[in-house]
Every structure is written in structure tokens, then in C-alpha cells.
Amino acid sequence: MDNMTGNVLGTLVVTLVILFIVFLILREIFCWYWKINESVGLLHEIRDLLAKNQALSTPQGEQARASMKRCPDCNESNTSDTRFCTNCGRSLPAPQT
């Protein structure tokens with residue numbers, strides 16, 4: 001009887017491991033098909049941009065915004081000490097003193 005119980009438990013463990021592996025594979029396929037991972041990445045980017053925008057709306061942020069440079073190509077705002085655009089990589093004009 002102990003041998004039979006061991007076989008049943010072994011079969012159950014192997015079946016559960018195989019089902020778990022199949023679940024992981026199918027999960028990746030579903031995430032790829034419905035582009036869930038891409039959507040999550042875009043939501044993280046939106047969250048970061050909103051946080052950056054809110055930080056710039058404070059009084060200290062207003063001073064920082066005034067000293068920021070805009071890229072002539074992509075209109076991305078960059079800090080005054082950057083030499084190249086953080087979005088497109090174009091060389092930014094030198095700050096006027």
C-alpha cells in the first residue's frame with residue numbers, strides 16, 4: 001500500500017509541475033498576444049511623466065522650468081546643463097549668459 005501511495009503522490013507532483021510549466025508558457029503567450037507587457041511599460045512611462053510634471057509645478061519647479069532648454073527638433077525640455085537632448089540626442093544650443 002505504501003508503494004501505491006508513493007506512486008500516486010509522485011504522479012501528482014509531476015502532473016502539477018507540468019501544469020505549472022504549461023501555465024507559465026501560456027501566460028507569456030497571452031501577455032504577448034494582447035500586448036499587456038507593452039501596455040504596462042507605457043503606463044509606467046506615463047506615471048513617470050506625470051510625476052515629473054507635478055514636480056515642475058511647485059515653486060521650486062517653476063524656477064527649474066525657467067532654466068530649462070527646449071530641443072529645436074523634438075521640443076523636449078532638458079535641464080540647462082545638458083548639451084544633448086535626452087529624447088533625440090541632438091546637440092542643444094549653448095546657454096546664453
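Basis for what follows: all heavy atoms, side chains included, without hydrogens, waters or symmetry-related copies. Everything numeric here is computed off the predicted structure, so don't read it as measured data.
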Which heavy atom in Cys71 sits nearest to a heavy atom in Arg90, and how many Å separate them? SG-CB, 4.4 Å

Hphob cluster co-occupancy, Leu92 + Phe84, side-chain heavy atoms under 4.5 angstrom: no

Check Lys69 against Pro93 and note the closest heavy-atom contact, atom names and distance. NZ-O, 3.4 Å

Please report the interatomic distance CG(Leu42) to NZ(Lys35), rounded to the nearest 0.5 Å. 11.5 Å

In this structure, would Leu16 and Leu9 fall into the same cluster of hydrophobic residues linked by side-chain contacts under 4.5 Å? no

Is there a chain of hydrophobic side chains (I, L, V, M, F, W, Y, each step under 4.5 Å between heavy atoms) that links Ile29 to Ile21? yes

Euclidean distance, Arg47 CZ relative to Leu50 CG, rounded to 0.5 Å: 10.0 Å

For Cys88 and Asp73, which heavy atoms make the closest approach, and how far apart are they? SG-CB, 4.3 Å

Linking Ile, Leu, Val, Met, Phe, Trp and Tyr through side-chain heavy atoms less than 4.5 Å apart, which residues share a cluster with Phe23? Phe20, Leu24

What are the two closest non-hydrogen atoms of Cys85 and Glu76, and how far apart are they? SG-CB, 4.0 Å

Linking Ile, Leu, Val, Met, Phe, Trp and Tyr through side-chain heavy atoms less than 4.5 Å apart, which residues share a cluster with Leu19? none

For atom CZ of Arg70, is the number of surrounding heavy atoms from other residues, nucleotides or ligands below 6.0 Å larger than 12? yes

Can you tell me how far the CG atom of Leu43 sits from the CD atom of Glu38, to the nearest 0.5 Å? 11.0 Å

Hydrophobic clusters here meaning ILVMFWY residues chained together by side-chain heavy-atom distances under 4.5 Å, can you tell me if Phe30 and Val22 are in one? yes

